[in-house]
Amino acid sequence: MNIEAVAVTKVNLLDLHPVAAEVALRAFADARGVGAYRGSQVARHLWTKPVATFADMSDLPVAFREELDAHFTIPRLELSTEQRSADGTRKFLFRLHDGQTIETVSIPDGNRVTFCISSQAGCALQCSFCATGLMGFARNLTPSEIAGQVRELALLPEPLSPTNIVFMGMGEPMMNWRAVDVVLSILNDPKGFGVGARHITVSTVGVLPGIQALASRKEQFRLAISVHAPNDDLRRRLMPINIKYPLQSVIDAAAAFDRRVTFEYVMLGGVNDQPAQAAELARLAKHCGAFVNLIPLHPGGAGAFTPTSPDGIRRFAAALAALGVEVAVRKSRGSDIAAACGQLRVERLRRRPPRAPDQHGQVEIP
Ligand code: SAH
């Protein structure tokens with residue numbers, strides 16, 4: 001075997017379920033006569049107490065670190081850009097081995113730190129207001145590239161650690177379920193990052209097989225559905241995926257989900273923010289006991305939409321609340337650094353400076 005052939009057979013430990021990685025590492029350590037417990041030590045350095053390289057695993061014998069390096073990889077994501085918002089939101093652009101770039105956002109809020117992670121490079125869905133849709137679909141991310149976003153923030157000189165994780169970065173997680181399934185374990189398992197399942201949210205346009213797959217997991221992972229329109233007619237125009245997975249079937253899947261579901265509803269001025277639409281949306285939300293999150297439109301997405309005014313959003317929220325729906329208005333965060341879906345990458349491509357913070361007002365929960 002030539003050297004190249006050996007190199008390609010190396011196992012990427014960061015692509016494995018954390019328990020599978022530990023089993024493999026214990027067997028490897030045992031076979032090399034250093035004791036199976038050495039394998040568990042290595043496993044801890046993947047996620048729980050991450051280090052950048054095998055050479056950095058200073059609690060292991062040097063010769064064993066070299067053997068690990070010859071048989072396994074723990075690849076890094078290259079940090080290409082970081083932007084910091086005045087509100088503490090930080091946005092990271094990572095470059096992958098094939099030149100693709102993906103975004104990760106860290107959003108502090110009181111005692112909470114929410115990481116917003118990407119599941120695909122680009123996106124195939126072409127939602128009319130979304131910047132990621134504009135770039136089209138490049139490819140699915142691997143588990144190590146998705147969970148690796150969290151790992152990279154943990155490896156910063158001043159490490160960041162999430163209390164909450166949302167799959168609301170670039171891409172449609174349910175169209176990359178095979179990888180997302182493994183990543184959910186890495187994020188949640190005590191041998192991974194140990195973030196509580198109730199603090200991990202998968203956001204989807206409503207890919208039915210994905211919703212069913214998430215429902216079949218025993219952990220209490222949360223589901224958010226990007227609804228954005230209260231009827232098929234409008235939703236088809238905003239979100240082409242509605243042709244394949246019509247609104248009612250998505251709502252029925254949400255109703256069948258045995259945990260509380262969140263509806264995401266981006267407020268598009270004059271498009272989906274009228275009183276009659278609040279009434280339609282309320283019917284859907286009540287059918288599946290959903291919590292409705294109204295999202296101020298981030299400028300710099302796609303299309304020629306205007307955001308609903310803060311007053312208009314308040315009125316829409318009040319109309320839903322009056323109909324017995326639990327509703328909150330998402331605070332707009334990081335708009336001075338273009339932290340909405342896909343925007344940093346798009347801006348880098350356009351080579352424009354980030355938008356000014358005053359272009360988008362803060363909206364508090366009513
Ligand atoms: N594909 C998944 C997850 C990624 S998008 C999904 O659609 O749910 C995360 C959320 O950001 C979605 O609700 C999406 O519709 C919303 N979003 C996209 N562009 C936006 C914009 N310009 N302003 C506000 N929200 C936006």
Side-chain angles (χ1 to χ4, degrees), residues 89 91 102-105 107 114-137 140-141 146 149 165-177 180 183 200-208 210-211 214 222-229 234-235 237-242 244-245 247 250 253-254 261-269 271-273 290-308 313 328-335 337-347 355 359-361 363:
T89 301
K91 181 152 189 163
I102 55 165
E103 304 173 355
T104 310
V105 187
I107 309 159
T114 301
F115 283 7
C116 180
I117 60 174
S118 295
S119 56
Q120 297 180 317
C123 185
L125 297 177
Q126 312 266 328
C127 296
S128 53
F129 44 83
C130 177
T132 307
L134 274 185
M135 43 182 109
F137 176 71
N140 277 330
L141 301 184
I146 305 173
Q149 297 164 54
I165 298 174
V166 295
F167 285 79
M168 294 185 189
M170 293 164 60
E172 168 52 48
M174 296 310 198
M175 292 199 158
N176 187 14
W177 174 255
V180 167
V183 172
I200 300 172
T201 301
V202 181
S203 177
T204 178
V205 293
V207 177
L208 296 181
I211 295 176
L214 185 68
R222 290 190 179 272
L223 172 66
I225 295 188
S226 291
V227 175
H228 303 325
L234 178 59
R235 197 165 187 268
R237 279 185 278 142
L238 297 177
M239 304 171 69
I241 191 70
N242 194 77
K244 179 150 190 199
Y245 300 115
L247 184 59
V250 176
V261 170
T262 299
F263 283 4
E264 291 163 277
Y265 196 89
V266 60
M267 299 297 295
L268 306 169
V271 174
N272 67 355
D273 61 353
F291 179 92
V292 176
N293 220 327
L294 301 178
I295 310 172
L297 176 70
H298 271 267
F305 297 98
T306 44
T308 303
I313 296 180
V329 180
R330 184 175 296 168
K331 278 192 248 175
S332 183
R333 300 294 300 270
S335 47
I337 56 166
C341 203
Q343 290 185 351
L344 179 56
R345 177 174 149 157
V346 166
E347 287 207 346
R355 271 147 216 288
Q359 284 185 317
H360 196 348
V363 182

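For ligands, and for the atoms within them, numbers begin at 1 and follow the listed sequence. Computed over heavy atoms, backbone and side chain alike; hydrogens, waters and symmetry mates excluded.
- Evaluated for a side chain to side chain contact (heavy atoms under 4.5 Å, CB included) with Gln120, the options Thr132, Asn140, Val180 yield exactly one hit, Asn140.
- For a threshold of 3.5 Å applied to N or O pairs, the pair formed by Gly169 and ligand 1 contains no separation below that value.
- Residue contacts with ligand 1, taken as heavy atom pairs separated by less than 4.0 Å, do not involve Met170 at all.
- The atoms of ligand 1 that sit less than 4.0 Å from any heavy atom of Glu264 are 10 (C), 12 (C), 13 (O).
- Under the 4.5 Å side-chain criterion, counting only non-hydrogen atoms from C-beta, Ser128 is not in contact with Arg237.
- Numbered from 1 in the order shown, with element, the atoms of ligand 1 that lie under 4.0 Å from a heavy atom of Pro296 read 24 (C).
- Per-residue contacts place Leu297 under 4.0 angstrom from the following atoms of ligand 1 (heavy atoms of the residue considered): 21 (C), 22 (N), 23 (N).
- Interatomic distance, Arg222 CZ to Ile165 CD1, rounded to the nearest 0.5 Å: 14.5 Å.
- Taking a cut-off of under 4.0 Å to the non-hydrogen atoms of Gly171, the atoms of ligand 1 that pass are 1 (N), 2 (C), 3 (C), 4 (C).
- Ligand-side atoms of ligand 1 in range of Phe167: 3 (C), range being under 4.0 angstrom from any heavy atom.
- Contact detail for Thr201 and Ala224: the closest heavy-atom pair is CG2-CB, 3.7 Å.
- The minimum heavy-atom distance linking Gly122 with Met170 is given by the pair N-CE, 3.5 Å.
- Looking only at side-chain heavy atoms (C-beta outward), Leu238 and Leu268 come within less than 4.5 Å of each other.
- Contact annotation: for Thr132 versus ligand 1, there are no heavy atoms closer than 4.0 Å.
- Contact analysis leaves Cys123 out of contact with ligand 1, as no non-hydrogen atom separation drops below 4.0 angstrom.
- Of the N or O atoms in Met168, none lie within a sub-3.5 Å distance of an N or O in ligand 1.
- Considering only non-hydrogen atoms, atom 25 (N) of ligand 1 lies nearest to Val266 out of Val266, Ile241, Ile225.
- Listed by number with element, the atoms of ligand 1 under 4.0 angstrom from any heavy atom of Cys130 are 18 (C), 19 (N).
- Closest approach of Ser119 and Asn176 over heavy atoms only: O-ND2, 2.9 Å.
- The side-chain heavy atoms of Asp273 and Ile313, taken from C-beta on, include no pair separated by under 4.5 Å.
- Every heavy atom of Met174 sits 4.0 Å or more from the atoms of ligand 1.
- Annotation: ring-ring contact (aromatic ring centres under 6.0 Å, His included) contacts of Tyr265 (sequence neighbours excluded): Phe316.
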